[in-house]
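Report on one structure; see the data block that follows.
Position 1 is the first residue of the sequence; numbering continues from there.
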Amino acid sequence: MADDWTPRPNPTLDLLALDLDREEGFVLSRLDGATSVRDLRALTGLPAGRVATILERLAAHGVIDGSGSGEGERADEPAIDPAAPVSTSRVESGAATGARSWRRIFEQELHPLPVDLRVERAADAQNEILRALCFDPAHRVIAALLENPRCGLEHARLVAAHHRSSRGLDALGEQAALVRDPQVERHLFRNPQTSIRLLRRIFGRSRMAKVYRLAVGHDASEVVRETARRTFRKKFTAGTAEERVKLILDCEARCLALLVGIALDAKAVALLCRRALPSMLLVRNLARWPSTPPPVLAHLLRQPHVRRNQALRTAVLRHPNATSAMKQEI
């Protein structure tokens, strides 16, 4: 099986009707039409042989295209053009093409219906109709859709990406098992209608390092970044000394720019002072942080690369918490 093969899920199948074990369902949930076999192994952490076996079984059942499980794609089979006109009579493979197809079905067949009737249909719809209703702008329809026993990750991802009502997205947020999916989270972070309440709920169960990455990243809206910054400060204050020190070391103290006014406790200071700090960037960022305590500054001055570098020494000694004893010793 070629490492550069990119398996694509078949959007025409009812995934809930498939007899898949836990690992097969896990692998299928990570297929987005853009992840290669090599990346899939890294993403799932499964052995190469197990991933190959799972993909072969999914391909045999038509869940994914099987073009990478054999000798490769046939030369006489034209590639799918994402920009080609979409037919509502047959949903073509590929997530983007499928989304256009399901939106077209909603606009032409479902949107003209009264909202109450669409709510009724959402409660027991399946297959293409259920996917098409994920594009409904009415939050009542989305709430009914999420109560449908056939609703799964595929539908949650469509709602997170395309629904434009904060109340509908809040209804999705009540489905904890669905919102934990990385793709659902990513779509919610990009959706401008995601409420601060829902963001706080997601960040509340996220690790401190992940919240920090969102706070400084560029793959989300400013509302998401600002909410992440506020949550990160709270998590840093409430976290253990080990968690805080690990993050400071992992990001070379870049996170301290968001932590002005927050101090380190005695245990975190002791942990930092036990570690060698060979990174020049780490030293500079600690020297710029107004709350760096004197013991940490003294520890920085004892680092060999700081003693050899006059610019680093000067940056540390200019810190407002640097004591006269440090300056006399240097």
Side-chain angles (χ1 to χ4, degrees), residues 9 11 29 32-34 82-83 85-86 88 91-92 94-148 150-204 206 214-215 217-228 230-231:
S29 72
D32 56 5
V86 178
T88 58
V91 179
E92 301 174 0
T97 304
R100 289 197 298 269
S101 299
W102 300 321
R103 183 186 291 276
R104 186 76 59 82
I105 292 174
F106 171 75
E107 292 174 349
Q108 294 183 353
E109 300 179 19
L110 300 171
H111 192 256
L113 302 176
V115 173
D116 289 341
L117 184 55
R118 301 204 306 269
V119 170
E120 292 180 8
R121 296 200 64 175
D124 57 8
Q126 56 184 322
N127 300 330
E128 268 54 55
I129 297 301
L130 184 58
R131 297 183 180 97
L133 285 169
C134 295
F135 294 87
D136 200 304
H139 68 88
R140 291 172 52 206
V141 175
I142 298 302
L145 180 148
L146 293 168
E147 295 298 326
N148 188 321
R150 299 181 180 88
C151 180
L153 276 179
E154 179 189 11
H155 311 97
R157 291 168 181 169
L158 289 171
V159 172
H162 301 285
H163 187 63
R164 292 298 182 264
S165 160
S166 59
R167 294 181 65 180
L169 296 177
D170 283 344
L172 174 59
E174 298 293 334
Q175 307 291 327
L178 297 178
V179 178
R180 288 193 185 95
D181 176 67
Q183 290 190 44
V184 172
E185 276 193 357
R186 185 162 56 249
H187 290 318
L188 287 172
F189 294 152
R190 294 174 178 174
N191 193 323
Q193 293 302 318
T194 302
S195 67
I196 294 178
R197 174 188 171 208
L198 178 53
L199 291 174
R200 287 173 177 167
R201 179 180 301 173
I202 296 173
F203 294 155
S206 300
L214 287 166
H218 301 286
D219 195 32
S221 68
E222 179 57 33
V223 172
V224 173
R225 292 196 295 271
E226 179 59 30
T227 305
R230 295 177 183 273
T231 305

Flag side-chain contact, heavy atom, 4.5 Å: V141 against F135: no

Q193 vs H163 side-chain heavy atoms within contact, under 4.5 Å: no

Donor-acceptor under 3.5 Å (H155 side chain, G152 main chain): yes

R167 atom CZ: more than 12 heavy-atom contacts under 6.0 Å: no

Nearest-0.5 Å distance, OG1 of residue T231 to CD of residue E226: 9.5 Å

Non-hydrogen atoms of A132 and W102 that approach each other most closely: CB-O, 3.4 Å

Polar side-chain atom of D181 near backbone of R157 as donor-acceptor pair, under 3.5 Å: no

R186 CZ: over 12 foreign heavy atoms closer than 6.0 Å: yes

Charged N-O contact under 4.0 Å between R104 and E128: no

Steps toward side chain to side chain contact (heavy atoms under 4.5 Å, CB included) verdict (R190, V224): CA-CA 8 Å; R190 294 174 178 174; V224 173; over 6 Å; no

Passing candidate, side-chain contact (heavy atoms from CB on, under 4.5 Å) with F189, options V223, T227, I202, T194: I202

Main-chain N/O of L113 paired to R118 side chain as donor or acceptor, under 3.5 Å: yes

Test applied, side-chain contact (heavy atoms from CB on, under 4.5 Å); reference residue, V159; option that passes from S165, C151, C134: C134

Main-chain N/O of D136 paired to H111 side chain as donor or acceptor, under 3.5 Å: no

Close side-chain approach of L172 to I142, heavy-atom, < 4.5 Å: no

